[in-house]
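Reading through the structure tokens given below for one structure.
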Amino acid sequence: MGWWRRGVIYHIYPRSFFDADGNGVGDLAGIAQRLDYCQWLGVSGVWLSPIYPSPMIDFGYDISDHTDIHPLFGTLRDFDHLLAEAHRRDLRVLLDFVPNHTSDQHPWFLESRTSRTSPRREWYVWRDPAPDGGPPNNWRSVFGGSAWQWDESTGQYYLHSYLKEQPDLNWRHTDVQQAMLDVLRFWLDRGVDGFRIDAVSRLLKDDQFRDDPPNPDYRPGQDPYYELLPTFSRDRPELGDILRRIRQVCGAYGEPLLIGEAYLPMPRLIPYYEAGIHFPFNFQLVRTPWNPRDVRVVIDRYEAALASQHWPNWVLSNHDNSRVASRVGRDQTRVAALLLLTLRGTATLYYGDELGMVDVPISPERVQDPWEKNVPGLGLGRDPERTPMQWTGQLHAGFTTAQPWLPVAADYAACNVASQRTDPHSMLNLHRRLLHLRANEPALEHGSYASLAADDRVLAYQREWAEQRFLVVLNFSSQPIAIAEPALRGVIRLSTYLDREGEPAANPLSLRANEGLLIEAHD
Ligand code: NOJ
């Protein structure tokens, strides 16, 4: 069984994890220094958002060299050191593979745009203007406006699904495929354990460049990107062949983990499994209203849609979405943690969520995210969830000795690793305890899932393996609850306040406000 089926992946946003060289931005040496922490916490691997040379217009997702390290983060030597240190601690390292686009400063694009006859012209997606001189079709950029950028000197438009500084590669071109597969080989040769594949559903677009249709459900005030349904600009059927090739290249290195990033409706995720992606991220909990009924529906539908060979996974936060503590409210963060870490499948834990870190309001003059700058006023900016990790109660939360690139949360003096580590009832210790329980209890690690009940306040489900059965009971409300459960026999293995371990699970089962329980049932 792959390591990733047993473990939890810790998502590090390198700019914000730990700054070892004191310039206000996190780096590889900083991550290496904090591997002991990752090991202590009990995660199985780390996934690093991009660390490659980049103009940093999209903070590393605009890559100008796929096979080197940005000097802000360090050098290839630092990377090799980090990898060796991680492996020494039995921690896996996943990199972010960004195949859909490069930076407009990448030598490939610089060459591509020199002339229509450039040998690399077809490495990107160039089109003539529409008859009226405008963009070739109506496709939108995720980050606002048209997905087409006019290039004056060669008289054509190029495609960019994200920023105009992120031109899309033409994956229909075999040389592009070869070059990008070589990027995977480069990192696999160095020993990385897998990749999170950025924007995987966008690699291929409609080969006839048909217009995207209007979205009948669009409501004014929403992100204007959703005015159209991206029917032709992403998730094309031919993509499977490319993904199979990626899997094949990786297959020569054992079985590195391949995770796909795709914000697609659940049924559309299945073909990604079938094309060899170990799992496409499941972002449903990021988007679902926080109440027991809706959460249950999402879990049950997901479980029902997956075939036995499709491994589930769960995400509560990442660098593109509001943090879970801000979405569900501080009172519910422990319940959310128990949910994330007891559902069936691999969980991804975003750095700082284990402390209950919240989104940090960013004043207009400190905004960094280009999305916020392009589409202001809709709250699309991602800086709030990317703020520095809170290590201590000292200056800048112990993240850096310089001015940090994004402000540190106001609550850092109380909410930080150092203080929570010594508090036996802290959110941090809740995560640690859950990670250890999960790793030692087969029913939690790979047992079956069955939902038991959901009403306006409570969600309950069970995990079962052989003779072992765990019940998870989550109080989503701010009121205490007593649940009549005459048949229930068992013992509380964990309560989200970490103070009921070993207590018999009595009838009625009482839960405090915002409390979750993990019960080992005895028949
Ligand atoms: C998804 C990444 O997670 C996001 O941060 C980035 O801006 C876009 N893809 C473009 O690479």
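Atoms within each ligand, like the ligands themselves, are counted from 1 in listed order. Throughout, residue positions are numbered sequentially from 1 according to the sequence presented. Excluded from the calculations below are hydrogen atoms, water molecules and symmetry mates; all remaining heavy atoms, backbone and side chain alike, are included.
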**Report entry** Flag for Asp353-Tyr10: side-chain donor and acceptor within less than 3.5 Å
**Finding:** no
Report task. Mark up the atoms of ligand 1 that fall under 4.0 Å of a heavy atom belonging to Arg386, in ascending order. Result -> 5 (O)
Query - Polar side chain donor-acceptor pair, Ser16 to Trp405, under 3.5 angstrom - result: yes
Report task. Could you tell me which atoms of ligand 1, counted from 1 in the order shown, lie closer than 4.0 angstrom to a heavy atom of Phe143? Result -> 7 (O)
Query raised in the report: With a 3.5 Å cut-off and no angle check, do the side chains of Gln156 and Asp128 form a donor-acceptor pair?
Result: yes
**Report entry** Expected output: side-chain Arg172 to main-chain Leu204 donor-acceptor under 3.5 Å
**Finding:** no
Requested in this report: Would you kindly specify which portion of Arg202 sits under 4.0 Å from ligand 1, judged on non-hydrogen atoms: side chain, backbone, both or neither?
Outcome: neither
Query - Those atoms of ligand 1 less than 4.0 Å from some heavy atom in His319 - result: 2 (C), 3 (O), 4 (C), 5 (O)
Query - Presence of salt bridge, Asp168 and Lys205, under 4.0 angstrom - result: yes
Query - Any donor-acceptor N or O pair under 3.5 Å, side chains Asp193, His87 - result: yes
Report summary line: Of all protein heavy atoms, the one nearest atom 5 (O) of ligand 1 is Asp320 OD1, 2.7 Å
Query raised in the report: Any idea which atoms of ligand 1 are less than 4.0 Å away from a heavy-atom of His101?
Result: 10 (C), 11 (O)
Requested in this report: Can you pull out the closest protein heavy atom to atom 8 (C) of ligand 1? Residue, atom name and distance to 0.1 Å, please.
Outcome: Tyr162 CE2, 3.8 Å
Query raised in the report: Which heavy atom of the protein is the closest neighbour of atom 2 (C) of ligand 1, given with residue, atom name and distance?
Result: Asp198 OD1, 3.1 Å
Query - Protein contact to atom 7 (O) of ligand 1 [nearest heavy atom, distance to 0.1 Å] - result: Asp58 OD2, 2.5 Å
Report task. Using salt bridge (Lys or Arg N to Asp or Glu O under 4.0 Å) as the criterion, list what pairs up with Asp198, not counting sequence neighbours. Result -> Arg196
Query - Contacting atoms of ligand 1, where contact means under 4.0 angstrom from a heavy atom of Arg382 - result: 4 (C), 5 (O), 6 (C), 7 (O)
Would you be so kind as to tabulate the donor-acceptor pairs closer than 3.5 Å made by side chains of residues 178-188, with sequence neighbours excluded?
| residue | atom | partner | partner atom | Å |
| --- | --- | --- | --- | --- |
| Asp182 | OD1 | Arg185 | NH1 | 2.6 |
| Trp187 | NE1 | His66 | O | 2.9 |

Query - Proximity to ligand 1 by part of Phe59, non-hydrogen separation under 4.0 Å - result: neither
Report task. Please state which part of Arg196 comes within less than 4.0 Å of ligand 1, counting heavy atoms only: side chain, backbone, both or neither. Result -> side chain
